[in-house]
Q: 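Provided herewith is a single structure, encoded as structure tokens, for subsequent inquiry.
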Amino acid sequence: MYKKLAKLVMYRDEKGDSILSGVSRIIYEYDNKVIDRDTAVSRIYGEIRKLLEVATSYAFDKNLWRDYIAFYLIMNENPFSLTCERAGASDGSVNRFALGDMKIFKELAEYDFTELEKELGIDCFSVITNYTSIEKREQVFNRNVSKYVRRISDGIAAAKDEKEIFDLVTDFYKKHGVGVFGLNKAFRVNRGDDGALNFNAIKNSEEASLDRLIGYEIQKKKLRDNTEAFVEGRKANNCLLYGDRGTGKSTSIKAIINEYYDRGLRMIEIFKAQLSDLAAVISEVKNRNYRFIIYMDDLSFEDFETEYKYLKAVIEGGLEEKPDNVLIYATSNRRHLIKETWNDQNDYDMDKHHSDTMQEKLSLVDRFGVTINYGKPNQKEFFGIVKGLAAACPELSIDEEKLTAEANKWEMSHGGLSGRTAQQFIDYMVGTYIHEERQQ
């Protein structure tokens, strides 16, 4: 097995940190008397534990060894897989190397561990290749990756030769992409211990939908129209959603990524403290075959904060042009993002050039070509939201008059008129009120 992996070209594990490398290295060292039986067994179980951790994260089942090989193939970013992501497989000498790698992966997927287990007195490989997983709630594993691993793993099992695996994998790259960006819809970023920028997939984002957001039809249309132009490769603008709290600004952004994910849209959430990394984030994604929305939630700045200047420079004004596959969407309770004081309006302020100060503060919002106002609903609109949410809950069978009366009492003591208050009221009705009514 170790010798097979050593022949990989495009999919070579240079760092040697994959489970495939770990298992094959142990077998090689044991066969060559570099390690004794007890050490080999101990290290093999260490690799099996790592495999089980991956299997839990991505809901592998039946044959965890083959599932991991499928996972390795669809996560491996190399010149061949990245080219296939952008343009699909085409005739070229590199295909010979890729086909050779696929042949090795087919042999690894079909590897018979029987003799090794007998010699070492273990049965772990028999277990993981005939595995029955515990049924999990969808929240505990990455659904996006899980369904793709299942598809590729089954395809490898059914493939007659390496050419069929080659066609299966390259077709997958073209349709879905490769690596973390290909398999996930939303990400956060952080700096590793080595200072490198890491993109961490958000495994289970909220299944929000614009159609489920009641009201705000004009706002939703403006947001959809801009995003539609973006994913189709037409000119589109950075977008600012501003207005009262709890009115659906953040929900609208989450709904957008769910709606356009299958068309190549990805979202990267950036926090205000990370704005200095914004240029580096854009540099990492500008050459990928996706459309990226960089999302900043609840964005606002105090008058003493200067981080907004990073944002201004990146959006428009820096020497490097922002790539066509990146837009910035932000939500804020403030129309102008930066806190203004009465001194900003005071002609007698100590700042002799107060108009310049005002221009500095207002120029940030000007860089958002689309601004959408989410205003607080009036009472009639609030009741409409409550009724719409209640209609989506079949277990909530209650007279409309009583529903609105209870909603009115709830909003008066729980944050006022807003979509968020309406959702919290419905959650209360389903989880507590109805239960108490049934107990009586």
Q: Would you check, one step at a time, whether the test side chain to side chain contact (heavy atoms under 4.5 Å, CB included) holds for Ile293 with Tyr260?
A: CA-CA 11 Å; Ile293 287 176; Tyr260 291 96; over 6 Å; no
Q: Could you tell me whether the side chain of Thr56 and the main chain of Leu52 form a donor-acceptor pair under 3.5 Å?
A: yes
Q: Main chain of Lys387, side chain of Glu400: is a donor-acceptor contact present, judged purely on distance under 3.5 Å?
A: no
Q: Report, as yes or no, whether the 6.0 Å neighbourhood of atom OH on Tyr28 holds more than 12 heavy atoms from other residues, nucleotides or ligands.
A: no
Q: Please lay out, stage by stage, how Phe80 and Asn95 fare under the test side chain to side chain contact (heavy atoms under 4.5 Å, CB included).
A: CA-CA 8 Å; Phe80 174 74; Asn95 288 0; 3.6 Å; yes
Q: Let's go through Asp161 and Lys106 carefully: what are the C-alpha distance in whole Å and the side-chain angles of both, what is the deciding distance for salt bridge (charged side-chain N to carboxylate O under 4.0 Å, His left out) to 0.1 Å, and is it a yes or a no?
A: CA-CA 8 Å; Asp161 55 30; Lys106 187 175 189 303; over 6 Å; no
Q: Could you go through Arg66 and Glu110, starting from their C-alpha distance and side-chain angles, then the distance that decides it, and tell me whether this counts as salt bridge (charged side-chain N to carboxylate O under 4.0 Å, His left out)?
A: CA-CA 8 Å; Arg66 192 177 64 230; Glu110 297 170 352; over 6 Å; no
Q: Start with the C-alpha gap between Ser21 and Ser18, add the side-chain angles, then the distance that decides, and say whether side chain to side chain donor-acceptor pair (under 3.5 Å) holds.
A: CA-CA 5 Å; Ser21 293; Ser18 71; 3.2 Å; yes
Q: With sequence neighbours left out, what residues match Tyr173 under side chain to side chain donor-acceptor pair (under 3.5 Å)?
A: Tyr11
Q: Minimum heavy-atom separation for Tyr45 to Cys124, with atom names?
A: CE2-CB, 3.7 Å
Q: Return yes if a side-chain donor-acceptor contact under 3.5 Å exists between Asp297 and Thr331, otherwise no.
A: yes
Q: Heavy-atom count around Arg263 CZ within 6.0 Å, excluding the residue itself: above 12?
A: yes
Q: Would you say the side chains of Ser126 and Asp123 form a donor-acceptor pair under 3.5 Å?
A: no
Q: Within the 4.5 Å heavy-atom criterion, are Gln274 and Val189 side-chain neighbours or not?
A: yes
Q: Decide, yes or no, whether a salt bridge links Glu107 with Lys4 under the criterion of side-chain N to carboxylate O below 4.0 Å.
A: yes
Q: Are side-chain heavy atoms of Asn200 and Phe187 found at a separation under 4.5 Å?
A: no
Q: I'd like to know if the side chain of Asn130 pairs up with that of Lys62 as donor and acceptor (distance under 3.5 Å, no hydrogens or angles considered).
A: no
Q: Side chain to side chain contact (heavy atoms under 4.5 Å, CB included) between Val9 and Asp101: does it pass, once the steps are laid out?
A: CA-CA 7 Å; Val9 180; Asp101 287 359; 4.1 Å; yes
Q: Which atom names give the shortest non-hydrogen contact between Arg291 and Asp324, and what distance separates them?
A: NH1-O, 2.9 Å
Q: Under a 4.0 Å N-O cut-off, is there an ion pair linking Arg288 with Glu77?
A: yes
Q: Using a cut-off of 6.0 Å, state whether more than 12 heavy atoms not belonging to Phe97 lie near its atom CZ.
A: no
Q: Of all the heavy-atom pairs spanning Ser252 and Leu241, show the shortest one and how long it is.
A: CB-CD2, 4.0 Å
Q: Do Ile44 and Phe125 make a side-chain contact, defined as non-hydrogen atoms from C-beta onward lying under 4.5 Å apart?
A: yes
Q: Counting N and O atoms only, with roles assigned by atom type, does the side chain of Asn184 sit under 3.5 Å from a partner on the main chain of Ala201, one being a donor and the other an acceptor?
A: no
Q: Tell me whether the count of non-hydrogen atoms from other residues, nucleotides or ligands lying under 6.0 Å of NZ in Lys50 goes above 12.
A: yes
Q: Checking side chain to side chain contact (heavy atoms under 4.5 Å, CB included) for the pair Phe105/Leu108: CA distance, chi angles, key distance, verdict?
A: CA-CA 5 Å; Phe105 285 119; Leu108 289 174; 4.2 Å; yes
Q: Using a cut-off of 6.0 Å, state whether more than 12 heavy atoms not belonging to Asp194 lie near its atom CG.
A: yes
Q: Please check this pair: side chain of Ser153 against backbone of Arg150, looking for a donor-acceptor N/O pair closer than 3.5 Å.
A: no
Q: Side chain to side chain donor-acceptor pair (under 3.5 Å), that's the test. Do Thr227 and Tyr329 meet it? Break it down for me.
A: CA-CA 10 Å; Thr227 309; Tyr329 281 18; 2.9 Å; yes
Q: Just by distance, with hydrogens left out, do Thr39 and Ser42 show a side-chain donor and acceptor under 3.5 Å apart?
A: no
Q: Hydrogens and angles aside, do Glu119 and Tyr30 bring a side-chain donor and acceptor to less than 3.5 Å of each other?
A: yes
Q: Between the main-chain N or O of Asp61 and the side-chain N or O of Ser133, is there a donor-acceptor pair closer than 3.5 Å?
A: no
Q: Is any side-chain heavy atom of Ile74 closer than 4.5 Å to one of Val178?
A: no
Q: Spell out, as yes or no, whether a donor-acceptor pair under 3.5 Å connects the side chain of Thr83 to the backbone of Pro79.
A: yes
Q: Taking Val370's backbone N and O only, do any of them form a donor-acceptor pair with Asn237's side chain (distance below 3.5 Å, no angle check)?
A: no
Q: Over 60° means perpendicular and under 30° means parallel, so classify the ring planes of Phe71 and Tyr58, tilted if in between.
A: tilted
Q: Counting heavy atoms not belonging to Arg96, are there more than 12 under 6.0 Å from its CZ?
A: no
Q: What are the two closest non-hydrogen atoms of Ala40 and Leu120, and how far apart are they?
A: CB-CD2, 4.5 Å
Q: Which residues pass the side chain to side chain donor-acceptor pair (under 3.5 Å) test with Lys254, not counting sequence neighbours?
A: Glu206
Q: Verify the distance criterion only: is there a donor paired with an acceptor across the side chains of Ser209 and Glu259 at less than 3.5 Å?
A: no
Q: Do any N or O atoms from the side chain of Arg266 and from the backbone of Phe181 form a donor-acceptor pair under 3.5 angstrom?
A: yes
Q: Verify the neighbour count for atom CZ of Arg49: are there more than 12 heavy atoms of other residues, nucleotides or ligands below 6.0 Å?
A: no
Q: Looking only at atom types and distance, does a side-chain atom of Asn78 sit under 3.5 Å from a main-chain N or O of Ser81, one as donor and one as acceptor?
A: yes
Q: Under the ring-ring contact (aromatic ring centres under 6.0 Å, His included) criterion, do Tyr374 and Tyr242 qualify, and how do the steps go?
A: CA-CA 6 Å; Tyr374 280 67; Tyr242 72 94; 8.8 Å; no
Q: So which atom in Ile385 and which in Ala422 form the shortest heavy-atom distance, rounded to 0.1 Å?
A: CG2-CB, 3.7 Å
Q: Is the ring pair Phe113/Trp65 parallel, tilted or perpendicular, if the boundaries are 30 and 60 degrees?
A: perpendicular
Q: A side-chain contact here means heavy atoms from C-beta on lying under 4.5 Å apart; do Ile328 and Leu278 qualify?
A: yes
Q: Are the side chain of His176 and the backbone of Phe172 linked by a donor-acceptor contact shorter than 3.5 Å?
A: no
Q: With the side chain counted from C-beta on, respond yes when Ile268 and Arg188 share a heavy-atom pair under 4.5 Å apart, and no when they do not.
A: no
Q: Is any side-chain heavy atom of Phe199 closer than 4.5 Å to one of Glu284?
A: yes
Q: I need the minimum non-hydrogen distance between Lys220 and Gly215, along with the two atoms involved.
A: CE-O, 3.2 Å
Q: Taking the basic N atoms (NZ, or NE/NH1/NH2) and the acidic carboxylate oxygens, is any pair closer than 4.0 Å for Arg151 and Asp67?
A: no
Q: Taking the basic N atoms (NZ, or NE/NH1/NH2) and the acidic carboxylate oxygens, is any pair closer than 4.0 Å for Arg43 and Glu29?
A: yes
Q: For Asn258 and Lys185: C-alpha separation, side-chain torsions, deciding distance, then whether side chain to side chain donor-acceptor pair (under 3.5 Å) applies.
A: CA-CA 8 Å; Asn258 292 330; Lys185 65 176 73 168; 3.0 Å; yes
